[in-house]
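The block underneath contains the structure these notes are about, expressed in structure tokens.
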Amino acid sequence: MSLPQPVRGTHDLLPEDFARHAHVRKTAREMAARFGYAEMATPIFEFTEVFARTMGESSDVVSKEMYSFESRSGESMTLRPEYTAGICRAFISNGLQQNVPFKVFAAGPMFRYERPQKGRQRQFHQIDVECIGAAEAKADIEVIAVGASILKALGVLEHCSLEINTLGDQESRQAYRTALVEYFSDHKSNLSKDSLERLERNPLRILDSKDKGDRVLVEKAPLFNDYLNSYSSEFFADVLEGISLLGIEYELNRRLVRGLDYYTHTAFEFVTTALGAQGAVIAGGRYDGLIETLGGKSTPGIGWAGGIERLAMLIENVPASIRPVAIVPVGEAAESVAAKLAHQLRQDGLCIEMAFKGNVGKRMKRANKLNARAAVLIGEDELARNVCTLRDLDQGEQSEVPLSDISVALGALS
């Protein structure tokens, strides 16, 4: 009988890997809180229409990558492929329109059926920041600043570059769409099958095509910048001025787009080549039409999502875990006293390790394996005098300490 294996595209987060993930989440959560973003969570699955309506019925995610299933009541459910749609759904269903700007942070697993590759699995994890209800360019600046600050706090900002573009307002977007349709219609014979379908439904998505033939055409396609009205140009200028004021470096990427119609104005990505081929570690943009697409009142919004797996691979040093203190009873008589002491010290806030069995040698060997900071030995002689032996495992020194004072003595160890 073969041994059980994880499902393809999933992986176990063993303690060392989990520590890196936890460091990313903790750092992101704390930094987002400094900007006033409170943490929230949405269900891990939603009605399928939440994602189908917001991500586009014809998108690859909806048509090929979503994990959908039918509930016992016959309703179509989907494991979340991203956070934004669920958070916007929560904004509507909880009647939070009076709580704008609604600024939130979230972190958790996502699910997409796609070819597993480095830093991308079928179950993956994201951190997410959303600012709903603010139409001002200042919101775009702040959301980008949150991302840059998290990357800096993780020590990876120097390995990333910010690419940014504008998609303009709906008027500008429509003018650009018309120009794209006209351009690509003249080159239909050279378009891939997928891009021919996109030409009819959403021509902007052709700009994201990975097909080599499509990429040649995309390089010569009209630029969004040439179709911006004055309002859109001024809005983007305010965003660029604002992030420059904060010392955030950026590169204009006139080919950076978002295919769905509810995206407007700012689109951005923090990208890196440190993991091989260039890839985004944070990607976001303004989505002023998304909540209306879900059936809510027209409400502006902007946000981003970041891949925890990729960020965890980028960070070089993870803060060391708390080093435990080993409690080592010597002889049967000391077992119960040691167990009670271990419980008391844990209540005092100390990390305590006490092996379930073994002689002194085996227990000390385990303490060294766990990189324990100190060991507290309790034998019959110590019990008789109500003391214990405190052994500093870093310095190799030991001393006797009254049992009543051991908590303070351990707390004083550097």
Side-chain angles (χ1 to χ4, degrees), residues 6 11-31 33 39 107-109 125 127 150 153-156 308-309 311-414:
H11 63 286
D12 301 306
L13 284 176
L14 299 178
E16 183 176 349
D17 291 331
F18 191 87
R20 300 180 77 83
H21 278 233
H23 177 56
V24 172
R25 289 195 303 272
K26 180 176 183 291
T27 301
R29 178 186 299 115
E30 292 176 352
M31 187 57 67
E39 188 168 10
H125 303 78
I127 51 175
I150 290 171
L154 288 171
V156 303
I308 293 179
E309 276 79 3
L311 289 170
M313 291 165 66
L314 280 175
I315 56 179
E316 296 179 0
N317 299 310
V318 177
S321 58
I322 298 174
R323 297 175 65 188
V325 171
I327 304 295
V328 182
V330 183
E332 189 67 29
E335 289 282 351
S336 58
V337 174
K340 185 175 180 180
L341 178 62
H343 184 69
Q344 174 193 321
L345 293 175
R346 286 165 181 151
Q347 306 310 304
D348 291 342
L350 296 168
C351 178
I352 302 298
E353 169 67 25
M354 181 171 161
F356 299 120
K357 63 179 182 178
N359 58 30
V360 175
K362 288 183 177 180
R363 292 186 191 229
M364 288 303 299
K365 185 176 180 180
R366 175 172 172 78
N368 289 326
K369 185 177 180 180
L370 295 174
N371 192 30
R373 176 64 182 86
V376 177
L377 293 88
I378 307 173
E380 291 185 7
D381 180 57
E382 283 91 352
L383 284 175
R385 294 182 291 114
N386 208 30
V387 299
C388 60
T389 298
L390 173 58
R391 184 175 297 176
D392 186 328
L393 297 181
D394 284 354
Q395 304 299 325
E397 301 172 351
Q398 67 180 43
S399 58
E400 283 193 352
V401 178
L403 283 173
S404 59
D405 296 338
I406 188 60
S407 181
V408 174
L410 289 172
L413 289 177
S414 57

* Donor-acceptor pair, Arg346 side chain versus Ile352 backbone, under 3.5 Å? -> yes

* Under 3.5 Å: donor-acceptor pair, side chain of Arg323, backbone of Ala372 -> yes

* Asked: Who are the side chain to side chain contact (heavy atoms under 4.5 Å, CB included) partners of Pro109, not counting sequence neighbours?
  ->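 Partners of Pro109 under the side chain to side chain contact (heavy atoms under 4.5 Å, CB included) test: Ile44, Arg80, Phe111, Gln123, His125.
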
* **Results of side chain to side chain contact (heavy atoms under 4.5 Å, CB included) for Ala153 - residues two or more places apart only** =>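 Ala153: side chain to side chain contact (heavy atoms under 4.5 Å, CB included) contacts with Thr27, Met31.
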
As an exercise, state the distance from [atom1] of [X] to [atom2] of [Y], rounded to the nearest 0.5 Å.
X      : Y      : atom1 : atom2 : value
His343 : Asp348 : NE2   : CG    : 10.0 Å
Glu316 : Leu154 : CD    : CG    : 12.0 Å
Leu410 : Leu345 : CG    : CG    : 6.0 Å
Ile378 : Leu390 : CD1   : CG    : 11.0 Å
Ile406 : Ile327 : CD1   : CD1   : 7.0 Å
Leu413 : Leu350 : CG    : CG    : 9.5 Å

* Please walk me through it: do Arg373 and Asp392 pass side-chain contact (heavy atoms from CB on, under 4.5 Å)? -> CA-CA 7 Å; Arg373 176 64 182 86; Asp392 186 328; 2.6 Å; yes

* Asked: Taking only residues two or more places apart in sequence, or in another chain, which ones meet Lys26 in a salt bridge (Lys or Arg N to Asp or Glu O under 4.0 Å)?
  -> Glu30

Just list the side-chain donor-acceptor pairs under 3.5 Å for residues 15-23, sequence neighbours left out, or say none.
from  : atom 1 : to     : atom 2 : distance (Å)
Arg20 : NE     : Ala312 : O      : 3.1
Arg20 : NH2    : Ala312 : O      : 3.0
Arg20 : NH2    : Ile315 : O      : 2.3

* **Residue pairs involving residues 376-387 (criterion side-chain hydrogen bond (donor to acceptor under 3.5 Å, both in side chains); sequence neighbours excluded)** =>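 Applying side-chain hydrogen bond (donor to acceptor under 3.5 Å, both in side chains) to every pair that reaches into residues 376-387, excluding sequence neighbours, yields Asp381-Arg385, Glu382-Thr389, Arg385-Glu400.
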
* Asked: Restricting to pairs with a member in residues 324-338, which pass side-chain hydrogen bond (donor to acceptor under 3.5 Å, both in side chains), not counting sequence neighbours?
  ->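 Sorted pair list: Glu335-Arg363.
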
Of the non-hydrogen atoms in [X] and [Y], which two are nearest, and what is the gap between them?
X      : Y      : value
Glu353 : Pro324 : CB-CB, 4.2 Å
Cys351 : Ile322 : CB-CG2, 3.9 Å
Ala333 : Leu383 : O-CD1, 3.8 Å

